[in-house]
> 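My structure is below; once you've seen it, I'll send some questions.
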2 protein chains.
Amino acid sequence: MPTDQLSKTFAALADPTRREILARLSSGAASVSEIAEPFDMTMPAISKHLKVLEKAGLVIRGKAAQWRPRKLNAEPMKGVSEWLENYRQHWEDRLDRFDAFLTDLQPDKYDDAGSTKKKEAKP
Amino acid sequence: MPTDQLSKTFAALADPTRREILARLSSGAASVSEIAEPFDMTMPAISKHLKVLEKAGLVIRGKAAQWRPRKLNAEPMKGVSEWLENYRQHWEDRLDRFDAFLTDLQPDKYDDAGSTKKKEAKP
DNA sequence: CGGTTATATAACTATATAGTTACATGCATG
DNA sequence: CATGCATGTAACTATATAGTTATATAACCG
């Protein structure tokens with residue numbers, strides 16, 4: 001279980017329930033009961049999901065009477081977004097083709113690694 | 001273990017070793033041995049990491065003689081990027097303040113959920 | 001063919017995760 | 001101060017993950 005911030009953030013986001021919780025919180029703070037309401041799951045289960053989100057810094061716990069309202073803190077997502085930018089060119093069409101062009105320039109020893117283009121049979 | 005694409009992608013990215021592998025592959029395809037070289041880890045361990053990346057669709061396995069070169073496929077990251085966009089406003093300063101402004105407009109029952117601002121004591 | 005190289009798989013261990021039920025704590029209020 | 005609501009924690013189960021060593025497969029090369 002890696003403990004660096006980026007890994008914790010990715011791990012926290014790797015669950016649909018937790019992503020739904022974040023979506024709920026993106027429109028405002030909510031109590032634990034309110035958060036739990038849409039889910040077919042016991043409160044302790046939700047409580048655990050919230051703890052994961054808190055440890056990743058994606059959610060902040062407040063205090064109001066007997067409530068412990070949770071609030072979204074999207075800041076860690078910034079790190080994810082920045083990390084992703086290193087790869088944007090790889091999934092954007094225009095540059096994908098440019099990448100393919102470069103790859104084709106240097107007939108690499110691994111030019112068959114999942115390429116869609118068929119390799120010429122040796123004559 | 002959630003099986004939806006987004007969860008698999010996030011989970012695959014939640015490990016520094018796997019992210020390093022992707023970084024390596026971002027500069028071109030590589031054999032498994034080449035991928036494993038920088039790591040203080042046995043080959044089967046790397047092999048397992050590669051399988052996780054493949055199942056998430058982030059890596060494609062090729063075939064060349066006795067090599068099974070891996071190639072980056074960043075396409076699933078597009079989904080991550082798009083999902084993240086829903087939250088960008090929350091981490092960008094300008095809109096964070098706008099959000100705080102809106103929150104302050106409607107004195108919410110949960111307005112103390114981790115807010116930095118002190119609530120007025122009831123007179 | 002037989003050895004070497006590259007990679008994959010099996011079997012095992014340790015730890016983490018996601019859920020459960022049962023119980024404990026804390027605060028507000030009649 | 002006793003009761004009830006909101007939440008948290010403990011203890012337990014089942015499954016998944018990350019690593020190991022040992023073994024298997026597969027292709028090339030002399």
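Only this structure's heavy atoms are used, side chains among them; waters, hydrogens and symmetry mates stay out. Letters A, B, ... are given to chains in the order of the sequence lines, protein chains preceding strands, and every chain is numbered from 1.
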> Under 4.0 Å between a side-chain N or O of B:R70 and OP1 or OP2 of C:dA6?
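B:R70 to C:dA6 OP1/OP2: no side-chain N or O under 4.0 Å.
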> Output the rounded distance in Å from CD (A:E34) to P (D:dA6).
10 Å
> Side-chain N or O of A:H49 versus OP1/OP2 of C:dT17: is the shortest distance under 4.0 Å?
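False: A:H49 side-chain N/O out of range (4.0 Å or more) of C:dT17 OP1/OP2.
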> Between B:R18 and D:dA18, does any side-chain N or O lie under 4.0 Å from OP1 or OP2?
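Answer is yes, contact under 4.0 Å.
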> Spell out, as yes or no, whether a donor-acceptor pair under 3.5 Å connects the side chain of A:N73 to the backbone of A:G57.
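Yes: the side chain of A:N73 pairs with the backbone of A:G57.
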> Taking only side-chain N and O atoms of B:S47, does any of them lie within less than 4.0 angstrom of OP1 or OP2 on C:dA8?
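For C:dA8, OP1/OP2 do have a side-chain N/O of B:S47 under 4.0 Å.
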> Please tell me which of the listed nucleotides, D:dA22, D:dA18, C:dA28, lies nearest to the side chain of B:P44?
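The nucleotide sitting nearest to the side chain is D:dA22.
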> Separation of B:D15 atom CG from D:dG19 atom C1', in whole Å?
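After rounding, the reported distance stands at 11 Å.
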> Please check if the side chain of B:E75 supplies one atom and the backbone of B:L58 the other of a donor-acceptor pair under 3.5 Å.
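Flag not set: sc B:E75 to bb B:L58 has no pair under 3.5 Å.
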> B:E34 side chain to B:S31 main-chain N or O, any donor-acceptor pair under 3.5 Å?
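Yes.
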> Has A:K51 got a side-chain N or O lying under 4.0 Å from the OP1 or OP2 atom of D:dT9?
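Yes, within the criterion.
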> Would you say a side-chain N or O of A:R68 is under 4.0 Å from OP1 or OP2 of D:dC5?
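The answer is no; no side-chain N or O of A:R68 sits under 4.0 Å from OP1 or OP2.
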> Is the base of C:dG19 touched by the side chain of A:K48 through a donor-acceptor pair closer than 3.5 angstrom?
yes
> So if I take every side-chain heavy atom of A:A45 and compare against D:dT7, C:dT7, C:dT20, which nucleotide ends up nearest?
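Looking only at side-chain atoms, A:A45 lies closest to C:dT20.
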> So if I take the C1' atoms of five pairs at each end of the helix from C:dC1-D:dG30 to C:dG30-D:dC1 and get each local axis, what angle do the two axes make, rounded to 10 degrees?
10°
> Can you get from A:V52 to A:V80 by hopping between Ile, Leu, Val, Met, Phe, Trp and Tyr side chains that sit under 4.5 Å apart?
no
> side-chain hydrogen bond (donor to acceptor under 3.5 Å, both in side chains): which pairs involve residues 47-60 of chain A, sequence neighbours left out?
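The answer is A:R18-A:H49, A:E54-A:R70.
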> Return the value, rounded to whole Å, for the distance between atom CH2 of A:W67 and atom P of D:dG8.
14 Å
> Is there a donor-acceptor contact under 3.5 Å from the side chain of A:Y87 to the main chain of B:A23?
yes
> Between C:dT20 and A:T42, is there an OP1 or OP2 to side-chain N/O distance shorter than 4.0 Å?
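Yes, within the criterion.
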> Can you tell me how far C1' of D:dT7 sits from CD of A:E54, to the nearest Å?
12 Å
> Starting at the 5' end of DNA chain C, which residue's closest nucleotide do you reach first, B:V32 or A:D40?
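The residue closer to the strand's 5' end, by nearest nucleotide, is B:V32.
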> Here's a test of your reading of the structure: between B:Q66 and B:P2, which maps to the more 5' nucleotide of DNA chain C?
B:Q66
> Expressed in angstrom and rounded to an integer, what is the separation of A:L50 atom CG from C:dA18 atom P?
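It is 13 Å, rounded to the nearest whole Å.
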> Where do B:T9 and B:Q5 land on the side-chain hydrogen bond (donor to acceptor under 3.5 Å, both in side chains) test, with the steps shown first?
CA-CA 6 Å; B:T9 309; B:Q5 181 57 47; 3.0 Å; yes
> Do A:R88 and A:E85 meet the salt-bridge criterion of a basic N to acidic O distance under 4.0 Å?
yes
> Between P on D:dA18 and NZ on B:K55, what's the gap in Å once rounded to a whole number?
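Rounded to whole Å, this separation is 12 Å.
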